[in-house]
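Since the structure is predicted, the reported quantities are computational estimates derived from the model, not experimental observations.
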Amino acid sequence: MSNVRDYFKEREKRQNAAVNVDYKEKIRSHKLTVFYRLSLSILLIIAVIAFLVIQWKNKVFTESTVVSSNPITIVQGAEVTNLGGNILLYSKDGASCIDSGGTAVWNRTYEMQNPMISVCGQTAAIGDYNGRSIYVVDKNSEKGTVNTNLPIRDFSVSQNGVVAAVLDDANVTRIYVYDANEDTETPIVESRATMDKSGYPVSISLTPNGKIMVVSYLYVDSGNMKSSVAFYNFGEVGKNEADNYVSGYDYLDTVIPYVQFMDNDSAFAVSDDRIVFFSGGERPVNVASNLLEEEVQSVYYNESYVGLVFINQSGESAYRLDVYNASGSKVHSQFFDIEYTDIVFNKDQIIIYNDLDCQICNIKGVDKFTGEFDKSTSLVIPTSSIYKYVTVTTNSIDMIELK
């Protein structure tokens, strides 16, 4: 009798075990089903978002509308430029800054014959060619004044208010570096250039943090021409080097009239036959060089791209804009017919305009907008929105929206 009971108990155990295994398998199968469904839903959402983003980026706008307007008065002869999203106006008699709503931020009077300007982000320096003073300002206030005892030939300002000035001293050209966050006459760095040694400095630029300076020198010896691009580091790496010199490159039979830092780590130089790119936050090195077969008409840049404008020889359009990234690779060529007064890089957008016409495209060559302004326009400032822009006209600051 006990054997029968044992048999049925054992059979019941086996049945219960089978039921447990089957139950666990069903739970596992259900979890996998939920996981697959969730994964598929997430992939579908990502695909839809990606599709919408691509569609938005490639969307073509057909008209522009003024959504707000604020009256301003611009004195005759004043130049207008973007200063970190605010608007800087400067002339022979003074400079002022207003925000995009037309509210005055600051005002400075001076007297100049040939005002020059250097802008780095939200900081600007204004000085007079052959003058003795450089006024440093930002989008919020005046920062300080650099007073030199020698005639000014050129200068560059950094985002944090450091100024490098090229000064004429008879047979010697001096390059003085100042901290202009307060009125000063004392340079923090001094150097001298002579034609028989280093050559004459024809272009100068500072990194946004004011740590590194690049200078293009022109040297002529017995009729042979040479250009040199020299980098100077004012930080720990350069303080133990002679004259803070940390790296440099020579180029024979060419003139380099333009050198510029894009950010704290990238710089470029444009000559009559090439564009050269440099990289490095301490000792910049040459990372790319592209030969040019045509004459460069204009140079534009931001922290990501450099654009060179050429007269288009093919006849397809009036101009060609070749766009390079910071590594020196050509990423796009844009053809256009606008008699441009300015070209602005904003994220992946290229804004080409004059006082009446505007063309907006992206770095992939998609034409986003081609049209005309309602009023004569001197400045276009991108906003955080890719379809809204601030425009400065002869008597107003307008917010325009593309539709």
Side-chain angles (χ1 to χ4, degrees), residues 53-65 81-82 254 256-258 260 262 266 268-277 288-383 385-392 400-403:
V53 169
I54 291 172
Q55 288 293 102
W56 175 250
K57 284 187 174 181
N58 292 331
K59 180 179 178 180
V60 176
F61 300 91
T62 57
E63 61 179 318
S64 64
T65 303
T81 191
N82 178 14
T254 188
I256 300 180
Y258 193 90
Q260 180 65 53
M262 303 169 68
S266 304
F268 68 95
V270 180
S271 78
D272 52 0
D273 66 353
R274 73 192 72 188
I275 179 171
V276 186
F277 290 84
S289 183
N290 297 275
L291 295 178
L292 306 174
E293 297 180 355
E294 304 158 73
E295 182 181 354
V296 176
Q297 304 298 307
S298 308
V299 181
Y300 299 94
Y301 72 95
N302 70 351
E303 67 277 2
S304 301
Y305 300 109
V306 178
L308 304 181
V309 179
F310 302 91
I311 294 176
N312 186 33
Q313 303 295 333
S314 69
E316 179 182 349
S317 59
Y319 300 101
R320 186 184 80 250
L321 173 69
D322 287 348
V323 183
Y324 298 82
N325 61 22
S327 299
S329 299
K330 187 164 73 170
V331 296
H332 178 58
S333 288
Q334 180 68 36
F335 297 91
F336 63 98
D337 288 307
I338 293 176
E339 294 298 328
Y340 64 99
T341 55
D342 194 13
I343 296 177
V344 178
F345 290 102
N346 177 48
K347 299 176 183 177
D348 69 340
Q349 285 191 336
I350 306 170
I351 306 165
I352 306 169
Y353 69 95
N354 59 27
D355 60 335
L356 294 176
D357 304 303
C358 180
Q359 178 178 339
I360 301 174
C361 56
N362 64 24
I363 207 69
K364 294 182 179 179
V366 177
D367 286 325
K368 305 285 289 179
F369 173 78
T370 300
E372 297 181 352
F373 297 117
D374 292 334
K375 309 173 187 176
S376 179
T377 299
S378 57
L379 181 66
V380 175
I381 302 177
T383 68
S385 171
I386 62 172
Y387 61 92
K388 289 184 178 181
Y389 304 86
V390 173
T391 61
V392 180
I400 65 170
E401 181 178 321
L402 302 183
K403 293 183 178 180

At what distance, to the nearest 0.5 angstrom, does [atom1] of [X] lie from [atom2] of [Y]?
X      : Y      : atom1 : atom2 : value
Ile311 : Gln297 : CD1   : CD    : 4.0 Å
Ser64  : Ile360 : OG    : CD1   : 8.5 Å
Ser298 : Leu321 : OG    : CG    : 9.5 Å
Asp342 : Thr81  : CG    : OG1   : 8.0 Å
Ile256 : Ile275 : CD1   : CD1   : 11.0 Å
Arg274 : Leu292 : CZ    : CG    : 9.0 Å

Close side-chain approach of [X] to [Y], heavy-atom, < 4.5 Å:
X      : Y      : value
Pro382 : Val344 : yes
Asp355 : Thr341 : no
Tyr389 : Phe369 : no
Phe268 : Tyr258 : yes
Val296 : Val309 : no
His332 : Ile350 : yes
Val323 : Gln334 : no
Phe373 : Tyr353 : yes

* Asked: Do the ring planes of Phe61 and Tyr387 sit parallel (below 30°), tilted (30 to 60°) or perpendicular (above 60°)?
  ->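 Ring orientation, 0 to 90° scale: parallel.
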* To do: Hey, can you tell me if Tyr340 and Tyr319 have their rings parallel, tilted or perpendicular (30° and 60° cut-offs)?
  =>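 Tyr340 and Tyr319: perpendicular rings.
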* Asked: Quick one: do the Asp337 and Ser317 side chains pair a donor with an acceptor below 3.5 Å?
  ->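 Side chains of Asp337 and Ser317: no pair found under 3.5 Å.
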* Asked: Does a donor on one side chain sit under 3.5 Å from an acceptor on the other, for Ser304 and Asn302?
  ->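 Judged by distance alone, the side chains do not pair up.
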Would you check if the side chain of [X] reaches a backbone N or O of [Y] as a donor-acceptor pair within less than 3.5 Å?
X      : Y      : result
Thr383 : Ser385 : yes
Gln359 : Phe336 : no
Asn354 : Glu339 : yes
Asn290 : Gly328 : yes

* Determine which pairs satisfy salt bridge (Lys or Arg N to Asp or Glu O under 4.0 Å) with at least one residue from residues 296-313, sequence neighbours left out, and list them in order. =>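 Sorted pair list comes back empty.
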* **Residue pairs passing the salt bridge (Lys or Arg N to Asp or Glu O under 4.0 Å) test where at least one lies in residues 305-320, sequence neighbours excluded** =>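 Matches after skipping sequence neighbours: Glu294-Arg320, Arg320-Asp322.
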* To do: Determine whether more than 12 heavy atoms belonging to other residues, nucleotides or ligands lie under 6.0 Å from atom CD of Glu293.
  =>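 Atom CD in Glu293 is not crowded, with 12 or fewer foreign heavy atoms closer than 6.0 Å.
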